[in-house]
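In the text below, chain A, chain B and the rest are named by the order of the sequence lines, each starting its count at 1.
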2 protein chains.
Amino acid sequence: MTAAKHQMTRATGRRTGGRAGIRDVAAAAGVSITTVSDALNGKGRLPDTTRRHVRSVADRLGYRPSAAARTLRTGKSGLIGLTVTTYGEEPFTFTEFAYFAEMARAATSAALARGYALVILPATSQRRDFDVWSNVALDGTVVIDPSDHDPVVTELVRQGIPVVSDGRPGGSLPVTAWVDNDHEAAVTGLLDHLAAAGARRIGLLTGTSTDTYTRLSTTAYLDWCARARQDPVYEAYPAHDPCASAVAADRLLARADRPDAVYGLFDPNGTDLLAAARRYGLRVPDDLLLVCCSESGVYATTEPPITTLSLKPGRIGTAVIHLLIDAIEGAAGRAQGSHQVMPTELIVRASSQRARCPAPRLPHATLAAPRTPPAVDQ
Amino acid sequence: MTAAKHQMTRATGRRTGGRAGIRDVAAAAGVSITTVSDALNGKGRLPDTTRRHVRSVADRLGYRPSAAARTLRTGKSGLIGLTVTTYGEEPFTFTEFAYFAEMARAATSAALARGYALVILPATSQRRDFDVWSNVALDGTVVIDPSDHDPVVTELVRQGIPVVSDGRPGGSLPVTAWVDNDHEAAVTGLLDHLAAAGARRIGLLTGTSTDTYTRLSTTAYLDWCARARQDPVYEAYPAHDPCASAVAADRLLARADRPDAVYGLFDPNGTDLLAAARRYGLRVPDDLLLVCCSESGVYATTEPPITTLSLKPGRIGTAVIHLLIDAIEGAAGRAQGSHQVMPTELIVRASSQRARCPAPRLPHATLAAPRTPPAVDQ
DNA sequence: CGCGTGTGGCAGTACGTTTCTGCAAGGTCA
DNA sequence: TGACCTTGCAGAAACGTACTGCCACACGCG
């Protein structure tokens, strides 16, 4: 029983507020601290009997290792930062709610499966924010839609912390890796789809901000128009302002060169375009074809259901996390500068299909409305 | 220059991977570690000249204090756990997306404003999850909709970590505090509103799960029916299954004792009821009054717009965080067992107002659709 | 007997802070 | 001149863990 010696040194009672430390376990089990650590972490050379004994004592004392101490010792916290660039003046806004929510959900789930947890952090703006950023030990960070010269990203990579972005970084931002949709292919495919459905003049509802999503999508639209010899017809509005969508939708349909099909880049555009069309007496899809980029399930049950482009945020979130954790665990930035381009999915509904005859109404159908179950990752 | 001594001891170069430690700053500034710590944290008795000098040297070296070491020393991590009870088998699901998203947004924002960050953690289910829980140093935890005997909550309070729940805890769960809506008042007020609009038989679309929200709301409905001498007409379905809502909505309207007004407890019920009504040839609001509990903005632009009950998740999130941080900083559980009941808001739209004459169509209105800006907290 | 070898386990140190204690220099007052 | 306070700073003790050596012992073998 060398335990006596330990007790003499200092592990008499629970010092720290009542929680048992590794020392207490060692003393109670009559072994050394090293042995406890090894037994609990499956390291070292110990017979199973000792291992089991230590474990049972630890259980009995309700021992939980201190995350802070472990982090300090190992240099790994198991924490991943998650931040989304805020638009406008608001301190902490999410636009594209459904997209973000689903992306964050998938990312959280993927991270958890590999033993990491996500910390929600603000995009830097005030000086004060930096306190929070450096108050938490991060193994890596996910940045959604980083701005071109994000100081936080720069600082993090300077500290050697891997950063993976959702959305390809502009302006030589030094991220470790990134994931993005193939926006050109998505927009091109979607416009082809509308043209095939009979659209002669396709309009665009886009944003005034300069993020890559907006920029790439708009460019793809203009290119397509050039190829199709169609004059571009579009309205841009501040996408972060939730009230502006309806106004812009109205403006687009009020134009002299009114389009006979519209693609809306942002989530609320679909309902707003539908409402605007209703006000102008335009029937969808007969007079106006509609497609909207959105992750929201409501478009399956609008009247008529609206065709949506899904960016598959779940897949993106999962991919981002795996890239990041690979970078973290691959130590000194293996897979540096790598990236992944993910496909999108066009969910075709009534709003983008010109019906020969008007859709028959089923006054007493008892079947449930068709509804796609929520996408599971991948 | 006592700095020489420090350099002799061990602070020669950057040991730790390249990051400067407090020792390096002390050496470079020619002062002691204590002085650096005091200068940077605004403690101790130091002349402003020293303070400024130390700060400038720290800046020059790009010094960032180690969060892990600070946490280990002070016992405070500045981290708050956020978890939501998962339903069904899925590993990590959020139902009530808009509610959760807004609640989480507000909570994150409120926490950040007080210097805390939120960590997303899974509701316990597998044994494996516990690793993550004890791998992160938490100052406190927010639990959304805790199940009656959540083992994580029990374990956390056993460890002396404050836990505040969104939704009043059932089954003597020992949370530190809780916040909830006044569900009875909300349902009663809403049913009164429908009755005032002319409803004679109000139906309910509810869930089969036993969480407090569902239970309290359903009970309030039954009580109201008893008082109003109306036979209850309701259908229950598994609320976590996103496909089941449409089926249940259909079932409710297919009944022989079809209600002339319906309240749906969950977010998708509104659109699903609307779709079902359409299939049955029922006009809203003329033949069927509709109210739905939802935070989603889409109900402002459906045809017709649907009256919603908002639980004000932003306020809830803010209140929960403040209660929690007060408990954390008030040290040993001041304000123990306290709680807060928050009001809800009924957003009245066309679907619950019986129009004398059918609403006039405005074929060429150029005004934007009225749209409430997103609610800011409080 | 001397020696290598494998097994089981322990002491000690480092991780990077914060903070308590204390000490020296200088000033004030009796 | 001594007693006593204030100012400015330094030393060193934690905080709880992980891990690198190292020791003790037993055993088998030449």
Side-chain angles (χ1 to χ4, degrees), chain A residues 1-6 8-11 14-27 29-51 53-54 58 61 63-78 134-135 137, chain B residues 1-6 8-11 14-27 29-51 53-54 58 61 63-78 134-135 137:
Chain A
M1 271 311 222
T2 55
K5 193 164 46 168
H6 293 291
M8 294 310 291
T9 50
R10 70 175 299 286
R14 316 277 180 75
R15 308 152 303 303
T16 319
R19 286 186 51 183
I22 198 175
R23 261 192 298 270
D24 303 299
V25 177
V31 296
S32 77
I33 293 181
T34 307
T35 304
V36 175
S37 177
D38 283 350
L40 261 32
N41 297 335
K43 308 198 171 171
R45 304 165 306 189
L46 296 178
D48 271 358
T49 57
T50 308
R51 238 176 255 281
H53 175 225
V54 169
L61 295 188
Y63 167 70
R64 300 275 158 217
S66 147
R70 187 197 298 261
T71 299
L72 177 58
R73 184 62 234 254
T74 62
K76 297 273 158 243
S77 66
S134 59
N135 244 339
Chain B
M1 273 306 233
T2 54
K5 193 165 47 167
H6 293 293
M8 295 309 291
T9 50
R10 69 174 301 283
R14 316 279 180 75
R15 308 150 306 303
T16 319
R19 285 184 53 181
I22 198 175
R23 263 191 298 268
D24 304 298
V25 177
V31 296
S32 77
I33 293 182
T34 307
T35 305
V36 175
S37 177
D38 284 350
L40 262 30
N41 297 336
K43 307 201 170 170
R45 303 165 306 194
L46 297 178
D48 271 358
T49 58
T50 308
R51 239 176 253 280
H53 175 227
V54 170
L61 296 189
Y63 167 70
R64 300 275 158 218
S66 148
R70 187 196 298 258
T71 300
L72 176 58
R73 182 63 234 249
T74 62
K76 297 270 157 245
S77 66
S134 60
N135 245 340

Exercise. Where each residue is assigned the nucleotide of DNA chain C containing its nearest heavy atom, which of A:Ala69 and B:Arg70 is assigned the position nearer the 5′ end?
Worked result: A:Ala69
Problem set entry | Nucleotide C:dT7, atom P - distance to CG of A:Asp48 in whole Å | 14 Å
For this session: Using side chain to side chain donor-acceptor pair (under 3.5 Å) as the criterion, list what pairs up with A:Thr35, not counting sequence neighbours.
Result: A:Ser32
Seminar exercise, completed: Scanning both residues in full, the closest heavy-atom pair of A:Asn135 with B:Arg70 reads OD1-NE, 3.5 Å
For this session: Output yes when at least one side-chain N/O atom of B:Ser66 is less than 4.0 Å from OP1 or OP2 of C:dG16, else no.
Result: no
Could you pull out the protein-nucleic contacts involving nucleotides 4-8 of chain D (nitrogen or oxygen on both sides, under 3.5 Å)?
{"from": "D:dG8", "atom 1": "N7", "to": "B:Arg45", "atom 2": "NH2", "distance (Å)": "2.9"}
{"from": "D:dG8", "atom 1": "O6", "to": "B:Arg45", "atom 2": "NH2", "distance (Å)": "2.6"}

Seminar exercise, completed: B:Ile33 CD1 to D:dA14 P, in whole Å, measures 17 Å
Exercise. Listed in order of residue number, which residues of residues 34-42 of chain A have a non-hydrogen atom at under 4.0 Å from DNA chain C?
Worked result: A:Thr34, A:Thr35
Problem set entry | Between P of D:dC15 and CD1 of A:Ile22, the distance in whole Å | 14 Å
For this session: Taking only the side-chain heavy atoms of A:Tyr63 (C-beta and beyond), determine which of D:dC19, C:dG16, D:dT17 contains the nearest atom.
Result: D:dT17
For this session: Report the distance from atom NE2 of A:His53 to atom CG of A:Leu46, rounding to the nearest 0.5 Å.
Result: 12.5 Å
For this session: Of all the heavy-atom pairs spanning A:Tyr63 and A:Leu40, show the shortest one and how long it is.
Result: CE2-CD2, 3.5 Å
For this session: Look at the side chain of B:Lys43 and decide which nucleotide, out of C:dT17, C:dT19, C:dC10, has an atom nearest to it.
Result: C:dT19
For this session: May I ask you to decide if B:Arg64's main-chain N or O and A:Ser134's side chain share a donor-acceptor pair within less than 3.5 Å?
Result: no
For this session: Indicate the atoms forming the closest heavy-atom contact of B:Val54 with B:Val36, along with that distance.
Result: CG1-CA, 3.9 Å
Exercise. Rounded to the nearest 0.5 Å, what separation is found between the CG atom of A:Leu72 and the OG atom of B:Ser66?
Worked result: 5.5 Å
Problem set entry | Counterpart residues, side chain to side chain donor-acceptor pair (under 3.5 Å), relative to A:Thr71 (two or more places apart) | none
Exercise. What is the distance from NE2 of A:His53 to P of C:dG9, rounded to the nearest Å?
Worked result: 11 Å
Problem set entry | B:Leu72 CG - D:dG16 P separation (whole Å) | 7 Å
Seminar exercise, completed: Note: B:Ala26 and B:Ile33 closest approach over all heavy atoms is CB-N, 3.8 Å
